Structure formats: C-alpha cells, structure tokens
2 protein chains.
Amino acid sequence: MAEAAGVAIKTVSRVLNNEPNVREETRQRVLAIVKKLNYHPSLSARSLAGRRSFLIGLIYENPSANYIVDVQHGAMARCREDRFQLLMHQVTGRGEEMERDVLGLVDQTHLDGLIVTAPLSESADLMRALDRRALPFVRVAPNDVAHPTPYVDMDDAGAAREMTEYLIGLGHRRIGFIIGHPDHFASGQRLLGYKAALAAHDIAYLERYVRQGFFVFESGMEAAKDLLSQNEPPTAIFASNDDMAAGVLMAAHELGINVPERLSVAGFDDTYIAKTVWPRLTTVHQPTYDLAYTATNLLLQMLQTGIAPQSMRLGYRLVCRASTAVVPK
Amino acid sequence: MAEAAGVAIKTVSRVLNNEPNVREETRQRVLAIVKKLNYHPSLSARSLAGRRSFLIGLIYENPSANYIVDVQHGAMARCREDRFQLLMHQVTGRGEEMERDVLGLVDQTHLDGLIVTAPLSESADLMRALDRRALPFVRVAPNDVAHPTPYVDMDDAGAAREMTEYLIGLGHRRIGFIIGHPDHFASGQRLLGYKAALAAHDIAYLERYVRQGFFVFESGMEAAKDLLSQNEPPTAIFASNDDMAAGVLMAAHELGINVPERLSVAGFDDTYIAKTVWPRLTTVHQPTYDLAYTATNLLLQMLQTGIAPQSMRLGYRLVCRASTAVVPK
DNA sequence: CTGAAAGCGCTTACAG
DNA sequence: CTGAAAGCGCTTACAG
C-alpha cells in the first residue's frame, strides 16, 4: 500500500488518521491509492500499536426488547460516524457475578469505553471497578445522578407528574399506579412524580391504589387485576412503562372492562408496543434513540479530549392516544 | 505473567489455548497464576499474530425488534461459550451500497465469520463477494437454500400449510392471506403453504382474498381493512408474521369486528407481540433463538474444522391461542 | 514437554 | 512536511 503510493507507511498512517503535517498533494495521492486498492487498515494492528481498540461496549441487563433495540440503534448510528464498532453485551448474573462478567468483557476486548444502561449504572461496586481500570464510561438514562461520571437522562419525575396531572385533568381522582422494577432508580422517580401530582391537587395518596411491578407485561397484568378487584376501583391506571400498561389492557379485556370508557390507561416510554395494542396507549415519549446516540457522543468526546463532558438531560413529551378519556360518570 | 509462573510466554499461550504438550503440573501452575493475576490475553495481539479476530459479525436489515432481539441473544449465547465476541451490524442501503457496507465491516474488523439473516442472504452478489474473500458464513433462516454454504432454517411452507389447514378445520372457507415482504424468500414459501392447503381441501385460490404486506404492523392493518371492506369478506385472515397479524387485530377493532367471534386471525413467528395483543394470537412458533444459536454453532464448527457442516432444519409448532375460533354461522 | 526467535501491521516517539 | 526505528503482546514455525 505504502509502496504503491511511493510514501512511507507512516505517511499513510497520518492520512488515514487525519493527522496534520501532510502536504495536500500527498494526502490526495494516498487517498486515491487507498480507494483504488480498497485498503482497510487492520483493526487489530491499530489496536495493539495504539493501545486503543476502537471498540465500545454497551451493557444491558434485561430490558424490554423494543427498548433495547432503540438504544442499540442510537448507539450504533453514532459509532458508525467515527468508525467505531459497538459490542452489545447482555450481562449475566447479579452482584459479584455481574461484575466479573463485565470486567471480563472489558479486560478481554480492551474496550475504549463503555455505555452503561440502567439498572447496571446503579451498582456502586461496578462503577468503582470501572473507575479503577480507568475505563471511560457514560450512563444512559434513566439512572442515579450521584456518581461523577457523565450521563444522559430525562426528567422521569416531571414526566410522571405531567401524566398524572393529565389524568387528573380528565376528572380522575382514583388513579392507580404500578411501580417499575425496584432495582431501577427511575422507578422511584416516576412514583415521586405521581405523588407530587396528587399532592398538588389535594388528592390523598392511598397505598391501595399502588402496586409493585417489574417492568414486564405479566407484572402489569397481575397488578391491574388486583387493583381492579377492590371496591371503588381506580378509574385510571398509570403504569411505569408500556409493557406493564399493555398488561393492564389485557387485564381489562379479560375482566370485560372497556378502555377508555370505564378505565383510562397510561404507559411510559412510547415503545413500539404502545402503538400496536388496542386501544393505542397514551404514554410518555422517552427519546430512547436520542438518549443512546447522545450518550455515545459524550463517550466519544471523552475519548478524544480526555476530559469528561457535561451530562445532558433530554426532553420528553406526553403522547395522548386512545387509552385515556374523561372519567366515567 | 509468564515470569510469575516461571515459564516461557509460549507455555502460557499453550495453556490458554488448550494446546497439547503441556505437563499437567505446569498447566495447573499457569492456570493458578492466571487466576491470581486476573490475566486476560489481549484480543488485538492474538488477532494480529494469529490472523484471526475472535469476532463474529451478525448482519441484519430491518427486521421487527422482537425478532432480532431473539436472534441476537441466541447468537450471543453460543459466542460466549467459545469466548468469541458478537458484532451486530445493521446494514444500510440496498444493492451495491449494501454490499459496500458489509464488505467494509468485514475488511475493517477482520471478522472470522459472518451470520447472515434474511433477506440479505438472498443477495447473490453479496454471497459471491463473501466467497471471494474466503469468509466463512452461515445463513440464518428462513432463506433461499440454493447457495452451497450452510444454513439453518425451518419449513415455512409446511408451517403455513398446517396453519391454513387448522383454519379450514375450524370450518373457514373464505380465508384471507397477507403475504410477507417480497424481498424475503420465506414470504413465497408461506404463500405456497397457504395455497397447498386450499388445494388439498378443494377450496379455490382467490386473488381477492390475498394482499401484499411488508412484514410491518401498518401493512397488515391496511391489508386487513382492504380485505374486510369487500362483499363476502374473509372469515379468517392469516398474516405472514405476527406484526402484520397485530395490524389485522387493530383493523378489526377499528371496524368493530369481534375477534375471534366474527373473524379469526392467525400470525407467524410467535414473537413477544403475539402474547401482548388482545386477543392473544394464534401463531406458528418459530424457534428464532435456537435458529440463531444453531447457526452460530455451525459457524464456529466451520472455523475450527475448516469444513462446512451440514445445514440444519429446525422444527416449528402451532400455538393456538385466543384469536381463532370456529367459523361464524 | 518447553523455549528462543521472528513477525503479525500498525502507532509512538523521535530525527531531520 | 516526511521517514526510519522500535515496539505493542501475542502466535507461528522451528529447534531441542
């Protein structure tokens, strides 16, 4: 390759890495030969010599398929721009086993950086271990903001509060709430938003209208059946994600309760499922793709500059579809 | 590392690669130090010296999220067993642009092998280009079986025929069919199965009961509205995948047609969506995870032995849920 | 059964 | 602005 262009291998390296100090004419000549020969520098050789792998990892635990696919594509899109490759990694185990799994990945592949999704980002032990290895990482929301490393998130509490107020605005007073997985920081934030909205409208917070869910369909269905089986059941149910809200719809169908005529249902995330169930779900649009794209962007910036960029908060919006209506008389 | 164990670096290499000719005692000593020092050999150094990357690529075009996540996890699970890493890659463009995208990935990362999902596996040009690079690859079903490289698939035609016969068994005679994306070989196979079942039961194949879809929700919904708006509408609709079947349910809901009382609906794939819509979908269970796991297994075998293993066909099964019933009087 | 030498294809650090 | 030398951490091919 270098011989074909009549330059030293070092010059080719300079051109391909966009380094300065190459005459424009030389650059063009090299570029032409590169194209002609369809030359691609070897990733492994670059990695070994340059002590960087051009590999970014994205670790996740057990999220809903529609959510993780959005995350994946957002991160991939940003990686592609800088010719980085993205390594998706589903962690196994919990606690120490999870840590060993992640660190094994890091050590073996010599990742340049890591994107950590919730709730993995809430393991203080893992964060500490990553710090110890001096591995740059960015957390993708929603998660705990206490750690000093950069993150991208949205205002979960604010969004949940807005959704709850939207339901209150429709005249609902008995509003059920299904909490997300207890391991997720966001679950607590969304619950907080729900409570804040009630308080702001002088509606008492009643435990009997609140159930613990686990971010999965079945848990939403179970919780809804439980909520709806009591005297004075809620006239609206707000589930902490779309999968659980879809479960609420399923429960309503099975119980013969019409949505939204007799029961309003709201979700959170605005994943694919929200548009495919009937009636279509009113939900909070979480900019999942953008969150991942932005997180990757911050990570890449950090790798280039060596300094940690500012964390970012992205916007959300309510999406009102067919699963909510004014409270029945 | 080698010094700590008091052996040559080559011996460590032998132990870690499970090569023969190491005394058991030596092996144990090295293993102990490896564990103690938490030593992980550098992937890039191994790749450079050994001319292999321990990286497998999985390319896909634009499948439904639930499908690709199953594929991804199946392939990941098998990779993990042999300490290979999986690089997911969504191709951009079509035709020549798609080819350049894939070959760029291959050349840059020096993948050891590739898993090709449909409909990419149907591009003769791409297959030829991969062959020219002597890159081992396996195709994950469903796809065209003409090419000599190994693949894993299921009997799409047989499954579609069985499902159609199930509907016929329920008394349906006017059975609508929504074809899958025209780029997918499997789409034609499923149509063939539908036709075969009709023929076997002396039911005329009528074009007015057949519509072209594209494997996405909206296309199923549009097709169903069209099918149901005619005189003597079908009493059952069989969609070539679950996403489209969910679209059929949505259309039925919007038209006020009760499922399954007045209309039976069947899907194909048995992805997550089949269990979350109401009523739950009767569908063909496609062993997506196993298909991907098995494809990866064949690829890894091929890498080790250098010879192409036998292709495999995996089983399917009908899953009868709540969206189908006997024909209305 | 074990090891010393050469080399994989780049980048780093330096010289000119 | 350009290049020659050294070296990244392993594996290959060979010798003993």
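Numbered from 1 within each chain, the chains take letters A, B, ... in sequence-line order. Being a predicted model, the structure only gives us computed values, none of them experimental.
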Is it the case that more than 12 heavy atoms not belonging to Arg94(B) sit under 6.0 Å from its CZ atom? no

In terms of heavy-atom contacts, does CZ of Arg83(A) have more than 12 from other residues, nucleotides or ligands at under 6.0 Å?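 Not more than 12 within 6.0 Å, no.
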
Heavy atoms only, 4.0 Å cut-off, all strands: where does Ser47(B) land among base, sugar-phosphate and nothing?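 Result for Ser47(B) = nothing.
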
Gap between atoms [atom1] and [atom2], on [X] and [N] respectively (whole Å):
X        : N       : atom1 : atom2 : answer
Glu19(B) : dT2(C)  : CD    : P     : 13 Å
Arg52(B) : dT11(D) : CZ    : P     : 10 Å
Glu25(B) : dT2(C)  : CD    : P     : 8 Å
Arg29(B) : dC1(C)  : CZ    : P     : 14 Å
Lys10(A) : dA15(C) : NZ    : C1'   : 14 Å

Decide salt bridge (charged side-chain N to carboxylate O under 4.0 Å, His left out) for Glu99(B) and Arg128(B); before the verdict, give the C-alpha distance in whole Å, the side-chain angles of both, and the deciding distance to 0.1 Å. CA-CA 10 Å; Glu99(B) 272 173 64; Arg128(B) 211 174 301 122; over 6 Å; no

Could you tell me if Gln72(A) and Tyr289(A) have a donor-acceptor pair between their side chains, going purely by distance under 3.5 Å? no

By nearest-nucleotide position on DNA chain D, the 5'-leaning member of Ser13(B) and Val22(A) is Val22(A)

Among dG3(D), dG3(C), dC1(D), which is the nearest nucleotide to the side chain of Asn21(A)?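 Of the options given, the side chain of Asn21(A) lies nearest dC1(D).
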
The side chain of Arg23(A) is closest to which nucleotide in this list: dA4(C), dC1(D), dG3(D)? dC1(D)

Residues passing the salt bridge (charged side-chain N to carboxylate O under 4.0 Å, His left out) test with Glu97(B), sequence neighbours excluded, are none

Hey, is the side chain of [X] poking within less than 4.0 Å of OP1 or OP2 on [N], counting only N and O atoms?
X        : N       : answer
Thr26(B) : dT2(C)  : yes
Arg14(B) : dT2(C)  : no
Asn17(B) : dT11(D) : yes

Can we call the ring centroids of His184(A) and Phe215(A) under 6.0 Å apart? yes

Once rounded to the nearest 0.5 Å, what's the spacing between atom CG of Leu130(B) and atom OG1 of Thr149(B)?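 If I round to the nearest 0.5 Å, the distance is 9.0 Å.
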
With rounding to the nearest 0.5 angstrom, report the CG to OG distance, Leu43(B) to Ser53(B).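 So the gap between those two atoms works out to 8.0 Å.
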
Any stems for DNA chain C, made of 3 or more Watson-Crick or G-U pairs in a row, each with both distances under 3.5 Å? C:1-3 with D:14-16, C:5-12 with D:5-12, C:14-16 with D:1-3

Pick out the pairs of N or O atoms, protein on one side and nucleotides 6-9 of chain C on the other, that lie under 3.5 Å.
residue	atom	partner	partner atom	Å
dC8(C)	O2	Ala49(B)	N	3.3

Using a 3.5 Å distance criterion without hydrogens, assess whether the side chain of Thr26(A) forms a donor-acceptor pair with backbone atoms of Glu24(A).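 Side chain of Thr26(A) to backbone of Glu24(A): no pair is present.
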
